[in-house]
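Written below as structure tokens is the structure these notes are about.
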Amino acid sequence: MKKIPIGIEDFKMLISDDYFYIDKTKFIEEIMNDGALVKLFTRPRRFGKTLNMSMLKYFFDIRKAEENGKLFDSLYIKKSPVFVEQGKYPVIFISLKGLIGDTLEKLIDSLKIKISKLFAEYRDLIEKLDKFDTALFEKMILREDISEAELSEALLTLTDILCRYYKKQVIVLIDEYDTPLVSAYRYGYYREAKNFFSGLYGSVLKDNTVLQMGVITGIIRVVRAGIFSDLNNLKERSILNKE
């Protein structure tokens, strides 16, 4: 008997452990065909944003491509023409859920932990990289003397390294981009946080020649005016969109 997936946000766990799943893999086809390089999806809480982002990661990720491909065997996307894209790209998936702090310094410290874990996912590449990239990797993983400038370009740095290693452009998935901004607004340092995260998102999503596609999710649309105003490659889709 199938289980009800209460609180399950990992696509692989949901499929492998035989939970009930309403097939949403047509979403993959839609984002592949919409033409926008960067896509922003705004939805209320509990709308399955993180599960969908997890689905995208397992679909596109070049690591364990064959194993991950089997997760989609009984789903819509398996018969779609875009299934040829399965397992073709390095994927960076970072969720900013829970990234809060009552000061900018605490927020930055929390982000350093998330960035460290993100780089650590690729720690097996360290011995295969040149000395310069190895030093960058180790610095990010160990969180040793990382400046705000280096942190704001951490995602860009990782896309560049992954592209050179895999010889493939990179897909970037940023879940709940607005969580730290909501926290900053609540505690009165929104402007400083906005400036920092504009740099973080802008560096990896704008004029990044190794970016294959960016997908961003969040709750609120109003932040877009301050954070993504200089992104001319962004398409926003809220629950009000008809398509």
- Item | Which atom of Ala149 lies closest to which atom of Ser152, heavy atoms considered | O-OG, 2.8 Å
- Between Glu67 and Lys12, is there a side-chain N and carboxylate O pair less than 4.0 Å apart? yes
- Taking every non-hydrogen atom, the tightest pair across Thr50 and Glu176: OG1-OE2, 4.2 Å
- Task: Using modelled atom types only, decide if a donor and an acceptor are shared between the side chain of Glu150 and the backbone of Ser147 within a distance under 3.5 Å.
- Result: yes
For residues 167-174, dump all side-chain donor-acceptor pairs below 3.5 Å to protein atoms at least two apart in sequence or in another chain.
unit_1, atom_1, unit_2, atom_2, d
Lys167, NZ, Arg164, O, 2.9
Gln169, NE2, Thr209, O, 2.8

- Query: Where do Glu9 and Lys97 land on the salt bridge (Lys or Arg N to Asp or Glu O under 4.0 Å) test, with the steps shown first?
  - Reply: CA-CA 12 Å; Glu9 296 182 329; Lys97 181 185 296 185; 2.8 Å; yes
- Salt bridge Glu121-Arg63, side-chain N to carboxylate O under 4.0 Å: no
- Between Leu125 and Tyr166, what is the shortest heavy-atom contact and its length? CD2-OH, 4.1 Å
- Looking only at heavy atoms, what is the nearest atom pair of Ile146 and Lys112, with distance? O-NZ, 3.2 Å
- If you measure from CG on Leu99 to OG on Ser110, what distance do you get to the nearest 0.5 Å? 5.5 Å
- Message: Would the distance check show the side chain of Tyr201 and the main-chain N or O of Tyr177 forming a donor-acceptor pair, the cut-off being under 3.5 Å?
- Response: yes
- Query: Can you name the side chain to side chain contact (heavy atoms under 4.5 Å, CB included) partners of Asn208, sequence neighbours left out?
  - Reply: Leu156, Thr159, Val204, Val210, Leu211
- Task: State, to 0.1 Å, how close Gly101 and Leu107 come at their nearest heavy-atom pair, and which atoms those are.
- Result: N-CD1, 3.9 Å
- Item | Short N-O contact, Lys39 and Glu30, less than 4.0 angstrom | no
- Message: Using 0.5 Å steps for rounding, measure from the NZ atom of Lys114 to the OG atom of Ser116.
- Response: 12.0 Å
- Heavy-atom nearest pair, Tyr19 first then Met13, reads CD1-O, 3.8 Å
- Is the backbone of Tyr76 close enough, under 3.5 Å, to the side chain of Asp23 for a donor and an acceptor to pair up by distance? yes
- Parallel, tilted or perpendicular: ring planes of Phe72 versus Phe59, cut at 30 and 60 degrees: perpendicular
- Query: Do other residues, nucleotides or ligands put more than 12 heavy atoms under 6.0 Å from the NZ atom of Lys78?
  - Reply: yes
- Message: For Tyr189, is the OH atom crowded, meaning more than 12 foreign heavy atoms sit under 6.0 Å from it?
- Response: yes
- Rounded to the nearest 0.5 Å, how far apart are CZ of Arg123 and CZ of Phe137? 10.5 Å
- Message: Between Thr25 (side chain only) and Ile77 (backbone N and O only), is there a donor and an acceptor less than 3.5 Å apart?
- Response: yes
- Message: With a 3.5 Å distance limit and no angle check, can you tell me whether Ser203 reaches the backbone of Leu200 through a side-chain donor-acceptor pair?
- Response: yes
- Task: Look up atom CD in Glu192 and atom NZ in Lys194, then write down how far apart they are to the nearest 0.5 Å.
- Result: 10.0 Å
- Value for CZ (Phe197) from OG1 (Thr179), rounded to nearest 0.5 Å, stands at 9.5 Å
- Kindly check if the number of other-residue, nucleotide or ligand heavy atoms within 6.0 Å of CG (Asp124) is above 12? yes
